[in-house]
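Shown next, in structure tokens, is the structure this report addresses.
Note: hydrogens, waters and symmetry copies are ignored here, and every other heavy atom, side chains too, is used.
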Amino acid sequence: MANTYSQIYIQTVFAVKNREAMIQKEWRDDLHSYIGGILENKGQKSLAIGGIHDHVHLFFGYDNLMIPIPNLVQEIKKATNTWIKANRLSKFQFEWQGGYGAFSYSRSQIDAVCKYVLNQEEHHRHRTFKEEYLDILKKFEVEYDERYIFNFFD
């Protein structure tokens, strides 16, 4: 029987709902580590996880093709939401916004995307999340309707 082989690299981006509950710097690294553990447990290869107070970027090798990306993102959101609540990390009702972005990259782009994802704090000193996200959509030539992207409060 033949095996299935693939080489797929995905960056996903998702945001905190309405910015009512912020990802605090004190526990952000723990959140990223927790997400990395989820990815690894789901048979994916975590390459870089970064973000700031209102969103996260995950860059991973999409190795386990048996788990559709929407299901993987939903599981990550659900598990991290539960983890944040169980550890009482937010003073507010924590919830992720619906939806996410998912973008594919080639092997030659791994280093650049990892640096980008891990450098979010510096990156966002110059650009808002909205500017960043809309720029990604434009670079990937993704058609979108402003009514159905993240709720931005810049």
Residues forming a side-chain contact (heavy atoms from CB on, under 4.5 Å) with Lys45, sequence neighbours excluded: Leu47, Asp63

Examine Phe59 together with Tyr116 and report whether their ring centres are nearer than 6.0 Å. no

Any side-chain to backbone donor/acceptor pair from Glu122 onto Asn119? Under 3.5 Å, distance only. no

I want to know whether His55 and His57 have ring centres closer than 6.0 Å. yes

Would you tabulate the side-chain donor-acceptor contacts of residues 29-38 under 3.5 Å, counting partners in other chains and residues two or more places apart, or write 'none'?
{"from": "Ser33", "atom 1": "OG", "to": "Asp29", "atom 2": "O", "distance (Å)": "3.1"}

Heavy-atom closest pair (Ala102 atom, Ile10 atom, distance to 0.1 Å) is CB-CG2, 4.3 Å

side-chain contact (heavy atoms from CB on, under 4.5 Å) with Asn64: which residues, sequence neighbours excluded? Gln44, Met66, Ile67

Side chains of Lys25 and His53, heavy atoms from C-beta outward: is any pair under 4.5 Å? no

With heavy-atom distances below 4.5 Å as the criterion, would you say the side chains of Pro70 and Val73 are in contact? no

Could you list the residues that satisfy salt bridge (Lys or Arg N to Asp or Glu O under 4.0 Å) with Glu40, not counting sequence neighbours? none

Set of ring-ring contact (aromatic ring centres under 6.0 Å, His included) partners for Phe103, sequence neighbours left out: Phe140

Spatial distance of atom NZ (Lys42) from atom CG (Leu39) [nearest 0.5 Å]: 10.5 Å

Do Val117 and Tyr105 land in one hydrophobic cluster if side-chain heavy atoms of ILVMFWY residues count as linked below 4.5 Å? yes

Spatial distance of atom OH (Tyr100) from atom OG1 (Thr12) [nearest 0.5 Å]: 8.5 Å

Answer with yes or no whether the hydrophobic clustering places Ile136 together with Ile110; edges join I, L, V, M, F, W, Y residues whose side-chain heavy atoms lie under 4.5 Å apart. yes

Going by atom types only, do Gln109 and Tyr9 share a side-chain donor-acceptor pair under 3.5 Å? no

Here the gap from Leu134 atom CG to Arg127 atom CZ, rounded to the nearest 0.5 Å, amounts to 9.5 Å

Polar side-chain atom of Ser6 near backbone of Ile8 as donor-acceptor pair, under 3.5 Å: no

Using side-chain hydrogen bond (donor to acceptor under 3.5 Å, both in side chains), reason through Glu132 and His124 one step at a time and then give a plain yes or no. CA-CA 8 Å; Glu132 172 193 46; His124 284 289; 3.0 Å; yes

So Lys115 and Asp111, salt bridge (Lys or Arg N to Asp or Glu O under 4.0 Å) or not? Walk me through it. CA-CA 6 Å; Lys115 286 176 186 170; Asp111 287 342; 5.8 Å; no

Starting at CD of Gln24, measure out to CG of Leu89 and round the result to the nearest 0.5 Å. 9.5 Å

Relative to the ring of Tyr133, is the ring of Phe129 parallel (under 30°), tilted (30 to 60°) or perpendicular (over 60°)? tilted

With Arg28 as partner, the option from Val56, Ile49, Ile23 fulfilling side chain to side chain contact (heavy atoms under 4.5 Å, CB included) is Ile23

Name each donor-acceptor pair under 3.5 Å that joins a side chain in residues 79-88 to protein atoms two or more places apart or in another chain, with its distance.
{"from": "Thr80", "atom 1": "OG1", "to": "Ile76", "atom 2": "O", "distance (Å)": "2.7"}
{"from": "Thr80", "atom 1": "OG1", "to": "Lys77", "atom 2": "O", "distance (Å)": "3.1"}
{"from": "Thr80", "atom 1": "OG1", "to": "Trp96", "atom 2": "NE1", "distance (Å)": "2.9"}
{"from": "Thr82", "atom 1": "OG1", "to": "Lys78", "atom 2": "O", "distance (Å)": "3.0"}
{"from": "Asn87", "atom 1": "ND2", "to": "Trp83", "atom 2": "O", "distance (Å)": "2.8"}

Measure the spacing between CE of Met22 and CD1 of Ile52 and express it to the nearest 0.5 Å. 9.0 Å

